[in-house]
Amino acid sequence: MAATTTDASPKFRHVQQPSDYRPEISVNSSHDGLEFWQFMIAGSIAGSVEHMAMFPVDTLKTRMQVIGGSYPAPSIGLRQVLGSLLKVEGPAGLYRGIAAMGLGAGPSHAVYFSVYELCKDYFSAGNPNNSAAHAVSGVFATVASDSVITPMDMVKQRLQLKSTPYKGVVDCVKRVLVEEGIQAFYASYRTTVVMNAPFTAVHFATYEAAKRGLSEMSPENADDEKLVVHATAGAVAGAFAAAVTTPLDVVKTQLQCQGVCGCDRFSSGSIRDVIKTVVKKDGYNGLMRGWIPRMLFHAPAAAICWSTYEAAKAFFEELNGRSN
């Protein structure tokens, strides 16, 4: 008897689609369980808290970097600068210009962290331990955020100067626009990017590596020690990156304060010209002026910023979990 065979393969029937049919494309707009706007809010909070808390130290750094104006700078330490400022201006002198930083820190850090998270998600290709991806993401983040913070940072530094001719933020903005033009607000942008690109690359790569190393030291207590890990890793990253990039920070301060309170005025915004002027006047030590307060600023500032940022992210993650 001949065996009969049955075709068991599934039969498919073509279904005619309507003429206005469009296939639905799913786009994942979240990363780490957060939406883009949540990264922006977390970054904005972190940046504002960081700069408000550490502003007095930033004032001392600015004062040290412009000591002497157009003349060779005397050898003056951090304690002497602080004592002189408190004696002449009182504690309020430490906070002059804080309003400008308040206006700039929130928006710039919102851009900073949201761009960083998006780039990290893209470049890491699913590998959370990719240090190169963290560094590259940091560079993209700083180029974007510096375009937001640079104008207000210039206003802030001019207000921080001893015997500043400006009455406040509005007065400074108006006078700079009339006397120097809008380009004065971005005179240091190129220097700021050149400084902050390596700063951020070193900072983010060091932070992610330090965070990973600290977490692996006691993995059983990782959740309980999460805040301490973020703060410690941030402090290490901030201090190291600050020390490496101090010479470029001196150049940035010189460009932003040029022509004010006896500071040199530069015919071009060339980094090389500023470095030559500083070295000719104060020697190579002049390029490291203010490195102590800069490290004293960035170590705790980074610890405050990262722990605040991670805490804000944790809040949003929990909030999103409840919603789902």
Side-chain angles (χ1 to χ4, degrees), residues 31-32 34-59 61-62 95 97-121 134-157 160 169 185-186 188-189 192-193 195-208 211 227 230-231 233-235 237-239 241-242 245 249 252 256 294 297-317:
H31 161 55
D32 281 354
L34 301 186
E35 300 295 331
F36 182 78
W37 65 269
Q38 292 174 324
F39 284 123
M40 294 190 75
I41 292 176
S44 180
I45 294 170
S48 298
V49 171
E50 167 200 354
H51 284 283
M52 299 302 105
M54 299 305 300
F55 194 83
V57 182
D58 184 63
T59 297
K61 183 216 70 171
T62 298
Y95 290 92
I98 195 170
M101 184 47 62
L103 290 171
S108 68
H109 278 72
V111 172
Y112 186 81
F113 280 106
S114 55
V115 171
Y116 172 69
E117 293 287 357
L118 289 176
C119 290
K120 184 176 76 169
D121 185 40
H134 300 151
V136 172
S137 301
V139 173
F140 276 93
T142 198
V143 170
S145 66
D146 282 346
S147 65
V148 179
I149 192 67
T150 296
M152 281 296 105
D153 190 56
M154 185 276 285
V155 173
K156 182 255 318 180
Q157 286 205 304
Q160 286 176 322
V169 175
F185 291 100
Y186 284 94
S188 69
Y189 177 67
T192 302
V193 170
M195 173 187 70
N196 283 342
F199 175 93
T200 310
V202 172
H203 185 112
F204 276 113
T206 305
Y207 170 74
E208 296 286 358
K211 183 175 71 172
L227 184 62
H230 291 312
T245 56
D249 188 57
K252 185 203 76 169
Q256 292 192 156
R294 181 165 163 78
F297 174 90
H298 280 286
I304 292 169
C305 186
W306 277 110
S307 54
T308 304
Y309 178 64
E310 296 290 355
K313 280 176 61 178
F315 168 78
F316 282 123
E317 286 170 3

Test log, rule side-chain contact (heavy atoms from CB on, under 4.5 Å), inputs Arg294 and Asp58: CA-CA 7 Å; Arg294 181 165 163 78; Asp58 184 63; over 6 Å; no
Trace of the side-chain contact (heavy atoms from CB on, under 4.5 Å) decision for Thr150 with Gln256: CA-CA 9 Å; Thr150 296; Gln256 292 192 156; 4.2 Å; yes
side-chain contact (heavy atoms from CB on, under 4.5 Å) between Met40 and Glu117, worked out: CA-CA 10 Å; Met40 294 190 75; Glu117 293 287 357; over 6 Å; no
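Annotation: Tyr95, atom OH; neighbour count of heavy atoms from other residues, nucleotides and ligands within 6.0 Å does not exceed 12. Heavy-atom neighbours of Phe140 CZ from other residues, nucleotides or ligands within 6.0 Å: at or below the threshold of 12.
A distance of 8.5 Å separates CG of Asp249 from OG1 of Thr192, quoted to the nearest 0.5 Å. From Met152, atom CE reaches atom CG of Leu103 across 6.0 Å, with rounding to the nearest 0.5 Å.
Of all heavy-atom pairs between Glu50 and Cys305, the closest is OE1-SG, 3.3 Å. In terms of heavy-atom proximity, Ala144 sits nearest to Val115 at CB-CG2, 4.2 Å. Shown here for Gly97 and Phe55, the closest heavy-atom pair between the two residues is C-CZ, 3.4 Å. Smallest separation of non-hydrogen atoms from Ala231 and Ala303: O-CB, 3.2 Å.
Of the residues listed (Tyr309, Phe39, Trp37, Phe36), the one engaging Phe113 in a ring-ring contact (aromatic ring centres under 6.0 Å, His included) is Tyr309, and it is the only one.
Between Tyr189 and Tyr186, the ring planes are perpendicular. Angles over 60° get that label, and only those under 30° would be called parallel.
Glu317 places none of its side-chain heavy atoms less than 4.5 Å from the side chain of Gln38. At least one side-chain heavy atom of His134 sits less than 4.5 Å from a side-chain heavy atom of Lys120.
At a cut-off of 3.5 Å, with distance as the only test, a side-chain donor of Asp146 or Thr142 sits close to an acceptor on the other residue.
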